[in-house]
Number of protein chains: 2
Amino acid sequence: MASNAVMEETLQVLKDHKLRVTPQRHIILAYLVSHHNHPTVETIRDALGKELPNIGSSTIYNTLNTFVDHHLVVELQNGDGSTHYDYFGSPHYHAICTNCGRIVDVTYPGFSDTEKRLEEKTAEISGYMISGNHMEVYGLCPECQIKLGIKND
Amino acid sequence: MASNAVMEETLQVLKDHKLRVTPQRHIILAYLVSHHNHPTVETIRDALGKELPNIGSSTIYNTLNTFVDHHLVVELQNGDGSTHYDYFGSPHYHAICTNCGRIVDVTYPGFSDTEKRLEEKTAEISGYMISGNHMEVYGLCPECQIKLGIKND
DNA sequence: TACTAAATGAGAACCATTCCAAAGTAATGC
DNA sequence: GCATTACTTTGGAATGGTTCTCATTTAGTA
């Protein structure tokens, strides 16, 4: 169960986005805010078994799609066939393991400048009216480097 | 039909990657090299109707997956539910229209430095052994800006 | 030319996601 | 507080892109 602080924060987020506050939305958003495990729909369903025992998959999909539309959440593919979701409270990007699918959040000072420049350049060159971006970096996670007997020194 | 130059080039690419040269692979790769229309499997099947009338979808999927594994081709999602493919001969990234799904290739001088820095920073922070990246920028394409009556001045 | 491992093709199977209709519920105004 | 109404949730069916299976064909090699 998410903390009171998280419950208050997420309640406010829903209201700010003029989203009708249902228990399902509130609890799912709180889960995403307090877990950065990049869950799938199934992961969320399992994790919320106690709080929302009767929730349908459709509801989770609907809810997540709504959050994505509102740019609260981003979708990620790691090659395992299902979509992963990540609360996008602060700017970051993802490193995805090409062997095991592990996703980690990454950011560094100066990243937002990089992002900004990429968007500006894109607007300039393509004429698109930019609304966002996704960056992903692929490679082997430390664990898989060991597992596969690869050294990186 | 792709030009002789393209056919020679793609033949060499297949050999360089130690891929068995089948007519299907050769023709599909030549199509991708000479068309930057970000086709789906269906688009490819339709386009190659004359040259490969009996090709199965499985073969196209197999072939494209092989090319992706060899980093010759990248996969793209534009929200229409199917995967799009793009020959990745020279470094670039994609701008994707959130309204109509149109995908355009973008690059600019200095982009490869940006890319390189992102990968280096990621390796440093995450410990991943980096093998590649994908960047995408989202927004409204010029046509959709007009269609939706939005001005950007 | 014969051999072997790999690729192809047709269709079945898979399964994540969306769709649908009925029932339930949050927000609004009185 | 209560009725109204539009939006949300459910759960099951339907969808459809992608993978799987396996018999057949074929590319590369000796």
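Chain naming here is simple, since letters A, B, ... match the order of the sequence lines and numbering starts at 1 in each.
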Are [X] and [Y] close enough that their ring centres sit under 6.0 Å apart?
{"X": "A:H92", "Y": "A:F88", "result": "yes"}
{"X": "A:H38", "Y": "A:H94", "result": "yes"}
{"X": "A:H134", "Y": "B:Y138", "result": "yes"}

- Message: Is the ring pair A:F111/A:Y93 parallel, tilted or perpendicular, if the boundaries are 30 and 60 degrees?
- Response: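 A:F111 vs A:Y93 ring planes: tilted.
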- Rounded to the nearest 0.5 Å, how far does CG of B:D113 lie from CD of B:E120?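 Rounded to the nearest 0.5 Å, the CD-CG separation comes to 9.5 Å.
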- Would you give the length of the straight line joining atom NE2 of A:H35 to atom OH of A:Y87, rounded to the nearest 0.5 angstrom?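 Result: 15.0 Å between the selected atoms.
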- Strand-adjacent residues in residues 61-71 of chain A, judged by heavy atoms under 4.0 Å from DNA chain C: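 By residue number: A:Y61, A:N65.
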Just how far, in rounded Å, is [atom2] of [N] from [atom1] of [X]?
{"X": "A:H26", "N": "C:dA27", "atom1": "NE2", "atom2": "P", "answer": "11 Å"}
{"X": "B:I60", "N": "C:dT8", "atom1": "CD1", "atom2": "C1'", "answer": "12 Å"}
{"X": "B:N54", "N": "C:dA7", "atom1": "CG", "atom2": "C1'", "answer": "16 Å"}
{"X": "B:I27", "N": "C:dT8", "atom1": "CD1", "atom2": "P", "answer": "11 Å"}
{"X": "B:Q77", "N": "D:dG17", "atom1": "CD", "atom2": "C1'", "answer": "10 Å"}
{"X": "B:L52", "N": "C:dT8", "atom1": "CG", "atom2": "P", "answer": "10 Å"}
{"X": "A:L48", "N": "D:dT10", "atom1": "CG", "atom2": "P", "answer": "11 Å"}
{"X": "A:R25", "N": "C:dA26", "atom1": "CZ", "atom2": "P", "answer": "11 Å"}

Got a list of protein N/O to nucleotides 25-30 of chain D N/O distances below 3.5 Å?
unit_1: D:dA27; atom_1: O3'; unit_2: B:V21; atom_2: O; d: 3.4
unit_1: D:dA27; atom_1: N3; unit_2: B:R20; atom_2: NH1; d: 3.4
unit_1: D:dG28; atom_1: OP1; unit_2: B:V21; atom_2: N; d: 3.0

Where the side chain of [X] meets the backbone of [Y], is there a donor-acceptor pair that is under 3.5 Å apart?
{"X": "B:Q145", "Y": "A:G127", "result": "yes"}
{"X": "A:N78", "Y": "A:G101", "result": "yes"}
{"X": "B:H26", "Y": "B:T22", "result": "no"}

- Message: Mind checking if B:T83 touches a base, just sugar-phosphate, or nothing, with heavy atoms under 4.0 Å?
- Response: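 Sugar-phosphate, backbone atoms only, no base.
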- Task: Please determine if a side-chain N or O atom of B:Q24 lies less than 4.0 Å away from the OP1 or OP2 oxygen of C:dG9.
- Result: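 B:Q24 to C:dG9 OP1/OP2: side-chain N or O found under 4.0 Å.
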- Pair of N/O donor and acceptor under 3.5 Å linking C:dG11 base with B:S58 side chain: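 Yes, the side chain and the base share a sub-3.5 Å donor-acceptor pair.
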